[in-house]
Amino acid sequence: MLIHLIKKDILLVSKYLIIMLAVVILFPFFILWSNSEYTFLGFMLPAVFAVFMPLQCILMKEYKYKKASAYLCSTPYSREYTVISKYLLCFALYVICCLIYFIETLIVPKLGNIDIELLAFTLLVMVVVCGLFLPLYYKLGYEKVRYFFSLLIVASPFLMSLTVKHIGNNASAFFQTNTWFVWVILLVSILLYGFSALISVMIYKKSDL
């Protein structure tokens, strides 16, 4: 059932997915062309965008056609599966972005390396954004949360750049001597994502459609 729900969401935003995948493919080359020393942003920024923007479009369509969501919940597709499918889709998009960037770094080594630290930080950012957005969406509705998170997404490139400039070198030195911390980040990301999914399921089960 989850596979069918994920396919349904993909069909809803198929055009957006094509655009976002194109951004994921091309943006690393833009960073390389701009001679930026922070080549990893060529993966992190488009990956977060490629996960969050399709999700936002899916939820916008579901908010617009509320009767369709109510009808879907009256079928064997439970509310729990409907929520979990969103989380699985986001994670699947993240994995696809990782694979695309990995292939690109093999073809063009100048793009940099895709290491476990980069994967962990990108996953954490994705988990924080989607893990906050989905429970708030199910609790407050799309209209009340879309502007805040749209502003956050627009501001994220500047926030990431400032963060990298201030702690980038220190973070690299820290991870070289404390490799275990990367696995802590991965574990925390998985736990936060699971907790967010649980909260979303609980909220959606109690909501009136």
Side-chain angles (χ1 to χ4, degrees), residues 6 20-21 23-24 27-28 31 36-56 58-59 83-105 111-139 145-146 148-201 203:
I6 293 173
M20 293 312 302
L21 288 176
V23 172
V24 170
F27 192 77
I31 294 292
S36 173
E37 60 180 309
Y38 306 116
T39 55
F40 65 89
L41 291 177
F43 168 71
M44 184 178 291
L45 290 178
V48 174
F49 273 85
V51 172
F52 181 72
M53 296 310 292
L55 174 65
Q56 190 179 34
I58 291 169
L59 298 181
V83 172
I84 292 175
S85 66
K86 303 291 188 298
Y87 283 86
L88 291 179
L89 176 61
C90 290
F91 185 73
L93 290 174
Y94 163 77
V95 172
I96 290 171
C97 291
C98 293
L99 292 175
I100 290 175
Y101 190 70
F102 174 70
I103 293 172
E104 287 183 320
T105 55
L111 289 175
N113 298 319
I114 181 167
D115 50 32
I116 189 66
E117 291 88 353
L118 178 57
L119 295 179
F121 269 112
T122 306
L123 178 63
L124 180 61
V125 173
M126 186 272 289
V127 164
V128 170
V129 174
C130 296
L132 285 175
F133 183 76
L134 281 166
L136 289 175
Y137 162 77
Y138 288 116
K139 181 66 176 180
V145 297
R146 63 172 179 166
F148 172 75
F149 279 92
S150 295
L151 179 62
L152 178 64
I153 287 296
V154 171
S156 60
F158 305 101
L159 295 175
M160 286 185 183
S161 297
L162 288 174
T163 302
V164 168
K165 287 180 180 179
H166 285 86
I167 68 172
N169 294 330
N170 293 331
S172 298
F174 176 80
F175 282 115
Q176 287 177 0
T177 56
N178 299 275
T179 54
W180 56 269
F181 194 70
V182 176
W183 301 104
V184 173
I185 293 176
L186 289 173
L187 179 61
V188 169
S189 298
I190 294 171
L191 292 176
L192 286 176
Y193 208 49
F195 181 72
S196 173
L198 179 62
I199 296 298
S200 295
V201 169
I203 294 171

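All values reported here derive from a predicted model rather than from experimental measurement.
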Give the minimum heavy-atom separation between A120 and V182, together with the two atoms involved. CB-CG1, 3.8 Å
I84 CD1 to L89 CG distance, which is reported to the nearest 0.5 Å: 13.5 Å
Interatomic distance, OG1@T122 vs CZ@F43, rounded to 0.5 Å, equals 4.5 Å
To check you understand the geometry: which heavy-atom pair defines the closest contact between E104 and V24, and what is its length? OE1-O, 4.0 Å
Which atoms form the tightest heavy-atom contact between F133 and V145, and what is the distance? CE1-CG2, 3.7 Å
Distance check, rounded to the nearest 0.5 Å: F91 atom CZ versus Y193 atom OH? 8.0 Å
The reported gap from CD1 in I116 to CD1 in I185 (rounded to nearest 0.5 angstrom) is 10.0 Å
Sorted by chain and residue number, the side chain to side chain donor-acceptor pair (under 3.5 Å) partners of Y87 (sequence neighbours excluded) come out as S196, S200
Can you tell me how far the CG atom of L132 sits from the CG atom of L136, to the nearest 0.5 Å? 6.5 Å
Show the nearest heavy-atom pair for residues V23 and P28, with the distance to one decimal. O-CD, 4.2 Å
Rounded to the nearest 0.5 Å, what's the gap from CE on M126 to CG on L55? Could you check? 10.0 Å
Run the numbers on F195 and I190 for side-chain contact (heavy atoms from CB on, under 4.5 Å), then give the verdict. CA-CA 9 Å; F195 181 72; I190 294 171; over 6 Å; no
For L134 and Y138, run side-chain contact (heavy atoms from CB on, under 4.5 Å): C-alpha distance rounded to whole Å, both residues' side-chain angles, the deciding distance at 0.1 Å, then the answer. CA-CA 6 Å; L134 281 166; Y138 288 116; 4.1 Å; yes
V83 vs I203, test: side-chain contact (heavy atoms from CB on, under 4.5 Å). Steps then yes/no. CA-CA 10 Å; V83 172; I203 294 171; over 6 Å; no
